[in-house]
Amino acid sequence: QVQLVESGGGLVQAGGSLRLSCAASGIIVKINTMGWYRQAPGKQRELVASITGRGTTDFADSVKGRFTIARDNAKNTVYLQMNSLKPEDTAVYYCNADLMTVTLRMENYWGQGTQVTVSS
């Protein structure tokens, strides 16, 4: 059974930094795009950043220049480095991945979410 397990969330003051990690475990044949989404209370879930298998990245306009995304294919892990955090970055952050398991079908998976709280 495939799981995406996130870590690294927490409470930080405005201007601070956090690094989120998400490791995919289980029998995985291939991973395509991995990404991070976030959902603040009362708001829709939104894409924060994504990275393809070839390393092409995409960012929400609100985080460009502050967040970076990287992946370690050998570890099936994606990272989100968040700098210059703002109170409006407060949300539950979810890892997402398109991956292929023993079924040989590309399927989309979500992590359980990790809370990021930025105090002013």
Side-chain angles (χ1 to χ4, degrees):
Q1 182 177 358
V2 171
Q3 284 187 312
L4 301 181
V5 180
E6 300 119 332
S7 60
L11 173 65
V12 65
Q13 287 188 330
S17 299
L18 282 175
R19 186 191 193 212
L20 305 183
S21 300
C22 171
S25 64
I27 301 175
I28 297 169
V29 174
K30 179 181 179 181
I31 303 179
N32 281 351
T33 299
M34 302 184 81
W36 291 92
Y37 288 72
R38 68 186 180 187
Q39 188 167 18
K43 295 188 176 181
Q44 289 189 331
R45 191 173 297 189
E46 63 174 358
L47 174 68
V48 177
S50 64
I51 182 167
T52 69
R54 295 188 176 185
T56 301
T57 59
D58 188 30
F59 295 91
D61 288 342
S62 59
V63 306
K64 284 181 180 176
R66 299 188 298 122
F67 292 11
T68 59
I69 188 170
R71 62 191 283 172
D72 184 334
N73 292 327
K75 295 181 179 180
N76 291 337
T77 299
V78 63
Y79 306 95
L80 183 68
Q81 178 67 44
M82 305 184 291
N83 300 325
S84 301
L85 282 160
K86 304 175 181 180
E88 51 262 44
D89 294 318
T90 295
V92 178
Y93 284 68
Y94 296 91
C95 178
N96 181 270
D98 291 323
L99 58 86
M100 180 184 294
T101 67
V102 294
T103 64
L104 301 183
R105 296 195 308 266
M106 292 301 294
E107 297 178 358
N108 189 258
Y109 289 82
W110 290 94
Q112 81 284 358
T114 184
Q115 177 70 46
V116 171
T117 303
V118 184
S119 63
S120 58

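Quantities reported herein were computed from a predicted structural model and do not represent experimental measurements.
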Task: Reference residue Phe59; test side chain to side chain contact (heavy atoms under 4.5 Å, CB included); the match among Val48, Ile51, Ile69 - done: Ile69
TODO: Going by the side chain to side chain contact (heavy atoms under 4.5 Å, CB included) test, name the single residue among Gln39, Met82, Gln115, Glu6 that passes it with Tyr93.
DONE: Met82
Heavy-atom closest pair, residues [X] and [Y]:
X: Asn73; Y: Gly53; answer: ND2-O, 4.1 Å
X: Ser84; Y: Ser17; answer: N-OG, 4.3 Å
X: Met106; Y: Asp98; answer: CE-O, 3.4 Å
X: Leu4; Y: Ala24; answer: CD2-CB, 3.4 Å

Taking atom [atom1] of [X] and atom [atom2] of [Y], what is their separation to the nearest 0.5 Å?
X: Leu11; Y: Leu18; atom1: CG; atom2: CG; value: 8.5 Å
X: Gln81; Y: Ser21; atom1: CD; atom2: OG; value: 9.5 Å
X: Phe67; Y: Leu20; atom1: CZ; atom2: CG; value: 8.5 Å
X: Asn76; Y: Ile28; atom1: CG; atom2: CD1; value: 4.5 Å
X: Lys86; Y: Ser120; atom1: NZ; atom2: OG; value: 14.0 Å
X: Gln1; Y: Thr101; atom1: CD; atom2: OG1; value: 10.5 Å

Task: Test salt bridge (Lys or Arg N to Asp or Glu O under 4.0 Å) applied to Lys64 and Asp61, step by step - done: CA-CA 5 Å; Lys64 284 181 180 176; Asp61 288 342; 3.0 Å; yes
Quick one: does [X]'s side chain get under 4.5 Å of [Y]'s, heavy atoms only?
X: Thr68; Y: Tyr79; result: no
X: Asp58; Y: Leu47; result: yes
X: Val78; Y: Ile31; result: no

Any chain of hydrophobic side-chain contacts (each under 4.5 Å) joining [X] to [Y]?
X: Tyr37; Y: Val118; result: no
X: Trp36; Y: Val12; result: yes
X: Ile27; Y: Val2; result: no

- [ ] Check the angle between the aromatic planes of Trp110 and Tyr94 and answer parallel, tilted or perpendicular using the 30° and 60° thresholds.
- [x] perpendicular
Open item on the list: Tell me if a side-chain donor or acceptor on Asn96 pairs with a main-chain N or O of Tyr109 at a distance below 3.5 Å.
Closed with: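 Confirmed, Asn96 side chain pairs with Tyr109 backbone.
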Open item on the list: Quick one, Val63 with Arg38, criterion side chain to side chain contact (heavy atoms under 4.5 Å, CB included). Give me CA distance, side-chain angles, the key distance, then yes/no.
Closed with: CA-CA 12 Å; Val63 306; Arg38 68 186 180 187; 4.0 Å; yes
- [ ] Would you list the pairs meeting ring pair (Phe, Tyr, Trp, His ring centres under 6.0 Å) in which at least one residue belongs to residues 4-31, sequence neighbours left out?
- [x] none
